[in-house]
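The next block holds one structure in the form of structure tokens; read it before the comments.
Small disclaimer: the values here were computed from a predicted structure and weren't measured. Worth knowing before you read on, the calculation uses all heavy atoms, side chains too, and leaves out hydrogens, waters and symmetry mates.
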Amino acid sequence: MNYWLMKSEPDVYGWPKLVADKRGRWDGVRNPIARRNLMHMKVGDRAFFYHSNIGKEVVGMMEIAREHYPDPTDKTGKWVAVDVKPLAPAKTPATLAAIKAEPRLKEMALVRYARLSVQPVTPAEWKLVCRMAGLEP
DNA sequence: GCCAACGTTGGC
DNA sequence: GCCAACGTTGGC
């Protein structure tokens, strides 16, 4: 199983909306590296939901529910979307500040490539962030 | 194919 | 609101 982190601005599409919807489409990604990551996702992979801009914290855990398919919001046919399902909310959201303060998370893509909206997470990083967020890994 | 100008993301 | 980092565009 692979682990990921996906960012969304909560005032555009936030965790509570995904929970209410029970399932969501992760679309609108327009960055080649993020696209490559989307294309590597398999059903059953886990992903953190990160609130960018407002909150700046990991607020929950999701599961990939459908592998990549053409993004319906994209006319060019170049970009892809995946479907996600919420699994569990963070009991104590893991903030960017806390993640940056943890030396073992120095190499995390969230820290190193701040602008990448879909990023891989290593198993070690996954465990640590889960612990910080009060999530079952 | 290079690179300057410009646009966007996202933290602060 | 600012700006650093980075991606994209377009002239050459």
Side-chain angles (χ1 to χ4, degrees):
Chain A
M1 185 196 299
N2 287 308
Y3 301 107
W4 310 93
L5 181 146
M6 301 164 90
K7 293 184 188 177
S8 182
E9 297 186 32
D11 52 355
V12 177
Y13 191 91
W15 172 258
K17 179 82 164 76
L18 177 63
V19 170
D21 290 349
K22 302 250 185 2
R23 183 178 171 122
R25 186 177 70 214
W26 209 275
D27 57 22
V29 171
R30 297 292 184 270
N31 172 284
I33 300 170
R35 173 177 177 272
R36 195 183 63 201
N37 290 332
L38 286 177
M39 294 184 77
H40 281 139
M41 291 179 177
K42 299 288 179 202
V43 169
D45 279 0
R46 301 287 168 89
F48 289 130
F49 193 125
Y50 176 84
H51 279 171
S52 60
N53 264 313
I54 301 164
K56 286 166 283 181
E57 54 194 9
V58 171
V59 290
M61 184 192 290
M62 310 181 277
E63 183 178 50
I64 306 306
R66 181 180 170 191
E67 283 161 31
H68 68 91
Y69 56 95
D71 182 342
T73 70
D74 165 43
K75 301 267 194 297
T76 70
K78 197 180 151 190
W79 303 102
V80 300
V82 299
D83 286 356
V84 295
K85 281 191 303 193
L87 283 184
K91 293 194 186 86
T92 52
T95 65
L96 179 63
I99 288 167
K100 281 186 165 173
E102 169 54 68
R104 286 171 292 175
L105 296 175
K106 261 203 166 61
E107 297 300 311
M108 224 183 141
L110 187 64
V111 178
R112 293 188 61 184
Y113 311 102
R115 286 180 49 195
L116 183 59
S117 63
V118 180
Q119 31 179 277
V121 175
T122 68
E125 291 164 351
W126 183 263
K127 269 188 204 153
L128 261 169
V129 174
C130 279
R131 196 169 304 155
M132 292 164 72
L135 285 160
E136 283 296 318

Review point. Under 3.5 Å, is there a donor-acceptor pair linking the side chains of A:Tyr69 and A:Asp27?
Key: no
Check your understanding: So, is A:Lys100 near the phosphate of B:dC12, with a side-chain N or O under 4.0 Å from OP1 or OP2?
Key -> yes
Exercise for review: Round to the nearest Å and state the distance from A:Asp11 atom CG to B:dG10 atom P.
Suggested key: 12 Å
Practice item. Using atom NZ of A:Lys56 as one end and atom P of B:dT9 as the other, report the distance to the nearest whole Å. Key: 17 Å
Study note, to complete from the structure: From CD of A:Glu57 across to P of B:dG11 the rounded distance in Å is 11 Å
Point to revise | Separation of atom CG in A:Asn53 from atom C1' in C:dC3, rounded to whole Å | key: 14 Å
Check your understanding: Does a side-chain heavy-atom distance below 4.5 Å link A:Pro120 with A:Asn37?
Key -> yes
Exercise for review: Looking only at side-chain atoms of A:Asn31, point me to the closest of C:dG7, B:dG11, C:dA5.
Suggested key: C:dG7
Practice item. Find the distance A:Glu9:CD to B:dG11:P and express it as a whole number of Å. Key: 9 Å
Review point. Does A:Arg30 come within less than 4.0 Å of A:Asp71, counting only side-chain N to carboxylate O?
Key: yes
Review point. A:Ser52 has a side chain; which of C:dC6, B:dG11, C:dG7 sits nearest to it?
Key: B:dG11
Check your understanding: Taking atom P of C:dA5 as reference, at what distance in whole Å does atom CG of A:Leu110 sit?
Key -> 16 Å
Exercise for review: Rounded off to whole Å, could you give me the CD-to-C1' distance for the A:Gln119 and B:dT9 pair?
Suggested key: 13 Å
Practice item. Go through B:dG10, B:dG11, C:dT8 for me and flag the one nearest to the A:Arg115 side chain. Key: B:dG10
Practice item. Measure from CD1 on A:Ile54 to C1' on C:dG1 and round the result to the nearest Å. Key: 15 Å
**Study point:** A:Tyr50 side-chain N/O to B:dG11 phosphate OP1/OP2 under 4.0 Å
**Key:** yes
Practice item. Report yes or no: is the cationic atom of A:Arg46 (NZ for Lys, CZ for Arg) closer than 6.0 Å to the six-membered ring centre of A:Phe48, at no more than 45° off its axis? Key: no
